[in-house]
Amino acid sequence: MTDLAVLGSTGSIGEQTLEVAARFPERFRIRALAAGRSVAKLAEQVARFRPELVAVADAAGARALREATAGAPVEILHGAEGLEAVARYPADVVVAGLVGAVGLRPTLAALRAGRRVALANKEVLVMAGALALREAARAGGSLLPVDSEHSAVFQALAGQRREDVARVILTASGGPFRTWSAARIAAATREEALRHPNWKMGPKITIDSATLMNKGLEVIEARWLFGLASEQVGVVVHPESIVHSLVEFVDGSLLAQLGLPDMRAPIALALAWPERLPLALPRLELAALDKLCFEDPDLARFPCLGLAYEALRGGEAAPAALNAANEEAVAAFLAGAVPLPAIPGTCAAVLEEFLGRPAAPLRDLDDVLAVDAWARRAARERLAAKFGAAEAGPPPALSPRGELA
Ligand SMILES: NC(=O)c1ccc[n+]([C@@H]2O[C@H](COP(=O)([O-])OP(=O)(O)OC[C@H]3O[C@@H](n4cnc5c(N)ncnc54)[C@H](OP(=O)(O)O)[C@@H]3O)[C@@H](O)[C@H]2O)c1
């Protein structure tokens with residue numbers, strides 16, 4: 001029996017994790033769940049999976065959840081303490097399925113408690129890759145990738161000698177604007193940006209996929225997960241999302257992992273590794289494929305990908321600044337306050353300003369949070385100055401749900 005704790009259980013990754021677990025009840029037990037504001041959904045999960053501990057974003061949510069689960073033997077916590085309690089709960093695998101910087105503390109807490117972390121929440125490694133690896137090494141915790149690209153690389157690397165790896169090549173669908181002109185992208189609406197051609201995901205990652213920032217964040221994630229230099233992580237656009245990524249070895253051989261785009265496959269692998277679960281998902285029929293296409297990414301139309309490489313070359317702290325600027329700009333775009341080009345524009349300006357400051361080492365979590373806070377302030381000021389976007393408090397719910405049909 002594998003005990004699971006799921007951070008972000010009401011999100012796209014969280015719900016698919018619970019679906020995989022429910023298919024193998026003799027194999028997985030749900031011990032603890034954490035989510036933000038989807039109290040009704042969480043109450044249903046409590047009734048179905050009977051976890052012992054549940055956490056929600058705030059006290060009002062906790063009260064509402066207590067009412068909705070009256071009589072259920074479950075401890076209900078809230079806020080940062082609640083998230084960390086779920087992350088540290090004695091489970092075999094902690095699924096990091098929160099979105100954005102809010103996942104940093106709990107994921108570090110899980111690693112510090114020596115847990116195996118199935119990592120979807122890529123922003124954690126973007127913000128604090130070195131710190132996360134240090135915490136994991138110190139406490140015996142480990143990271144298993146959930147992102148389909150990193151899962152593909154992880155699988156292609158299995159049994160290989162690290163010194164034989166020349167580079168990894170992450171595939172990118174190209175998002176909904178792959179064939180659009182720069183002018184058309186500049187005028188894209190929120191609904192158009194949320195219409196991803198191949199994947200149904202939460203809103204933040206869907207916007208990141210439209211700007212290719214998602215691929216940039218994944219480049220940084222790959223650097224830490226696989227111990228690579230930035231020039232060893234390449235990106236190729238592959239609109240069909242069948243080849244999930246590749247590893248190139250020193251002899252020129254490429255090993256790839258293929259499958260239909262379905263996150264339940266990499267989630268299941270991260271939950272059960274090194275076993276593979278007999279998932280009854282639709283299979284890839286090679287003969288039914290028309291063609292597989294590959295092209296170079298266009299950094300002129302999608303500058304966010306180039307910014308991620310620049311941040312990676314800019315030292316340990318620069319990716320944290322880029323991530324914070326991106327989160328702020330994406331939240332403003334999702335709130336309808338700014339146009340799409342505000343995202344690369346804000347990220348570029350904040351990164352440039354950050355790189356012009358004296359280099360700051362990231363010794364601990366406080367250092368990371370200081371960079372994050374500085375970059376958020378800089379991004380908000382710029383958004384307000386340029387677009388009149390309200391200098392709001394926290395981004396308008398990191399999970400405004402339901403935009404996708
Ligand atoms: N979705 C995918 O297919 C996919 C694929 C690869 C990687 N990823 C990565 O996985 C992560 C999750 O993505 P997603 O698409 O699953 O996002 P999502 O659908 O928006 O779900 C986010 C989850 O985080 C919770 N959350 C947000 N803010 C919170 C807060 N302040 N306190 C507590 N919980 C909070 C949400 O709770 P409520 O909804 O209850 O507020 C929800 O459960 C992201 O880092 C993304 O890049 C996702």
Side-chain angles (χ1 to χ4, degrees), residues 4-15 17-18 30-46 49-70 72-91 94-113 115 117 119-121 123-124 127-128 131-132 135 141 202-204 320 323-324 327-328 331 335 364-373 375-377 380 392-401:
L4 301 180
V6 183
L7 296 163
S9 66
T10 54
S12 165
I13 290 293
E15 288 197 289
T17 299
L18 294 180
I30 306 297
R31 302 287 304 276
L33 298 175
R37 298 200 158 74
S38 306
V39 170
K41 205 186 270 185
L42 199 47
E44 280 169 29
Q45 294 177 349
V46 169
F49 294 100
R50 310 204 165 281
E52 290 134 37
L53 174 66
V54 170
V56 287
D58 54 31
R63 270 195 303 278
L65 188 62
R66 269 183 210 110
E67 272 175 34
T69 58
V74 58
E75 186 182 359
I76 297 174
L77 301 176
H78 68 269
E81 271 175 40
L83 284 178
E84 287 187 43
V86 169
R88 280 196 307 266
Y89 203 75
V94 177
V95 177
L98 294 167
V99 60
V102 71
L104 179 60
R105 273 179 195 276
T107 305
L108 290 178
L111 292 171
R112 215 174 286 134
R115 303 280 178 265
V117 173
L119 184 80
N121 191 182
E123 294 88 350
V124 170
M127 295 175 75
L131 183 60
E135 297 287 11
K204 195 260 179 183
N323 179 69
E327 285 192 23
E328 291 294 324
D364 53 24
L365 180 59
D366 286 345
D367 287 345
V368 180
L369 295 178
V371 172
D372 180 77
R376 279 176 202 278
R377 212 168 30 247
R380 285 183 192 200
L398 283 169
S399 53
R401 313 204 56 79

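It should be emphasised that the depicted structure is a prediction, and the values quoted were computed from it without experimental measurement.
Atom CG of Leu18 is separated from atom CG of Leu33 by 6.0 Å, given to the nearest 0.5 angstrom. Taking CD of Gln45 as the start and CD1 of Ile30 as the end, the distance is 9.0 Å to the nearest 0.5 Å. Annotation: the span from Leu98 atom CG to Thr10 atom OG1 amounts to 9.0 Å, rounded to 0.5 Å. To the nearest 0.5 Å, atom CZ of residue Arg31 and atom CZ of residue Arg50 are 15.0 Å apart.
Nearest approach of Val56 to Leu65, heavy atoms of both residues: CG1-CD2, 3.9 Å. Listed here is the closest heavy atom pair of Ala96 and Leu119: CB-CD1, 3.9 Å. Minimum heavy-atom separation, Ala132 to Leu108: CA-CD2, 3.6 Å. Of all heavy-atom pairs between Val6 and Gly14, the closest is CG1-CA, 4.1 Å. For the pair Arg115 and Tyr89, the tightest heavy-atom approach, listed with the atom from each and the gap, is NE-O, 3.0 Å. Smallest separation of non-hydrogen atoms from Gly202 and Ser12: N-CB, 3.8 Å.
Screening residues 99-113 for side-chain hydrogen bond (donor to acceptor under 3.5 Å, both in side chains), with sequence neighbours left out, gives Arg112-Glu135.
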* With side chain to side chain contact (heavy atoms under 4.5 Å, CB included) as the test, would you mind laying out the steps for Glu123 and Val102 before giving the verdict? => CA-CA 9 Å; Glu123 294 88 350; Val102 71; over 6 Å; no

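Glu327 places a side-chain N or O within donor-acceptor distance of the main-chain N or O of Ala101, the cut-off being under 3.5 Å. Not a single donor-acceptor pair under 3.5 Å links the side chain of Asp366 to the backbone N or O of Leu369.
At a threshold of 4.5 Å between non-hydrogen side-chain atoms, the residues Thr17 and Ser9 do not count as touching. Here the side chains of Met127 and Val371 are not in contact, with every heavy-atom distance at 4.5 Å or above. Using a 4.5 Å heavy-atom threshold, the side chains of Asp372 and Leu104 count as separate. Within the 4.5 Å cutoff, the side chain of Ile13 has no heavy atoms near those of the Asn121 side chain.
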With a 3.5 Å cut-off and sequence neighbours excluded, list the donor-acceptor pairs that the side chains of residues 81-88 form with protein atoms.
none

